[in-house]
Amino acid sequence: MTSYSLEQRQAAFEELREVKAEFAAKGWFPGTSGNLSVRIGDIRGEEFQFAITSSGKDKSKQTPEDFLVVDAAGQSVETTKLKPSAETLIHCEIYKATGCGAVFHVHTVFNNLVSEWFGDKGQIPVEGVELIKAFNIWEEEAIIHIPVLPNYAHIPRIAEQVAGALVPRIPGIVLRKHGIYAWGANSFEAKRHLEAFEFLFEYVYRMELLKK
Ligand SMILES: CSC[C@@H](O)[C@@H](O)C(=O)COP(=O)(O)O
Ligand SMILES: [Zn+2]
């Protein structure tokens, strides 16, 4: 059963459309990769719905078939031929575990490089960089650790590990040699978090080279 209005659905699609265009301009959707979602309405018990990008589309193009609405199990709640993102179950797990309002996923060269460099350690350390304030971490010279999970072809296998891998104050999780999932209370916050993560990954990558 759906618990949102047509206006809410349209507003969610519009929000996704804007973020998608901005990320596309940064080159963050190579080869049809990446997926974006925003929750529509509140989480009611275990029930919630969210708008998500449809699978396999060129996310740098804007078309009338870019988004659809799914439920907490990742099933479409609308009669449509569109398929939700192949990684919808990961979004479901992040919404359930965090109660967030938006989840954004991109593949970039920097997130792939650092995920592999620190993959065996299971976390990417970031030491004393100002931009961690984007995560509302205000301690001076704080050291944070961004979790890295192994990447599996079978998405349910990834999804079942998400909740256990989350680190409370870090609004993101990296899949090794795949990409990052970042989230926030709404799309504004999720975007701020994702942009901060990508800045930090480039910083970490370049710093590792400087140390050599
Ligand atoms: C085309 S490679 C990327 C995909 O395998 C996947 O990881 C991805 O991010 C996009 O999948 P999608 O089903 O379009 O949401
Ligand atoms: Zn992906």
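Keep in mind that this is a model prediction, so the values were computed, not measured. Ligands are counted one by one from 1 in listed order, and the atoms in each one are counted from 1 as well.
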Taking [atom] as the reference point, the nearest protein heavy atom with its distance:
{"atom": "atom 11 (O) of ligand 1", "result": "Asn35 ND2, 3.9 Å"}
{"atom": "atom 3 (C) of ligand 1", "result": "His107 CE1, 3.5 Å"}
{"atom": "atom 15 (O) of ligand 1", "result": "Ser85 OG, 2.6 Å"}
{"atom": "atom 6 (C) of ligand 1", "result": "Glu87 OE2, 3.1 Å"}

Any donor-acceptor pair under 3.5 Å linking the side chain of Ser85 with the backbone of Thr53?
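No, because the side chain of Ser85 does not come within donor-acceptor range (under 3.5 Å) of the backbone of Thr53.
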Asp66 backbone acceptor or donor facing Ser54 side chain under 3.5 Å
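Side chain of Ser54 to backbone of Asp66, a donor-acceptor pair under 3.5 Å: yes, one is there.
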Hey, looking at atom 14 (O) of ligand 1, which of Lys59, His105, His91, Lys57 has the closest heavy atom?
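Comparing heavy atoms across Lys59, His105, His91, Lys57, the nearest one to atom 14 (O) of ligand 1 lies in Lys59.
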List every atom of ligand 1 that sits less than 4.0 Å from any heavy atom of Gly56, numbering the atoms from 1 in the order shown and giving each element.
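Close to Gly56: 12 (P), 13 (O), 14 (O).
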Would you mind running through ligand 1 and noting each atom that sits below 4.0 Å from a heavy atom of Ala86?
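Near Ala86, meaning under 4.0 Å from one of its heavy atoms, ligand 1 has 12 (P), 13 (O), 15 (O).
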Between [X] and [Y], which heavy-atom pair has the shortest distance, and what is it?
{"X": "Lys59", "Y": "Thr32", "value": "NZ-O, 2.7 Å"}
{"X": "Cys100", "Y": "Trp183", "value": "SG-CB, 3.7 Å"}
{"X": "Ala190", "Y": "Gly184", "value": "CB-N, 3.6 Å"}
{"X": "Arg39", "Y": "Tyr95", "value": "N-OH, 3.5 Å"}

Within-cut-off N or O pair, Ser55 and ligand 1, under 3.5 Å
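Yes, there is a polar N/O contact under 3.5 Å.
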Geometry only, no angles: is Gly31 polar-contacting ligand 1 at N/O separations under 3.5 Å?
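Gly31 vs ligand 1: no N/O contact under 3.5 Å.
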Check contact between Thr32 and ligand 1, using heavy atoms of the residue and a distance below 4.0 angstrom.
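Under 4.0 Å: yes for Thr32.
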Protein N/O/S atoms under 2.8 Å of the Zn ion (ligand 2)?
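Within the sphere that stays under 2.8 Å of the Zn ion (ligand 2), the protein atoms of type N, O or S are Glu87 OE1, His105 NE2, His107 NE2, His178 NE2.
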More than 12 heavy atoms of other residues, nucleotides or ligands under 6.0 Å from NZ of Lys96: yes or no?
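Buried by this count: over 12 neighbours within 6.0 Å.
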Considering only NZ, NE, NH1 and NH2 on the basic side and carboxylate oxygens on the acidic side, decide whether Lys26 and Glu195 come within less than 4.0 Å.
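Glu195 and Lys26: salt-bridged.
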How about Phe104 and Tyr181: are their ring centres within less than 6.0 Å of each other?
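No.
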Connected-component partners of Ile143 among ILVMFWY, side-chain separation under 4.5 Å
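Under the 4.5 Å side-chain rule, Ile143 groups with nothing.
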Before you tell me yes or no, could you show the steps for Glu130 and Lys133 under salt bridge (charged side-chain N to carboxylate O under 4.0 Å, His left out), namely the whole-Å CA-CA distance, both residues' side-chain angles and the distance that decides it to 0.1 Å?
CA-CA 6 Å; Glu130 172 74 8; Lys133 287 181 182 166; 2.8 Å; yes
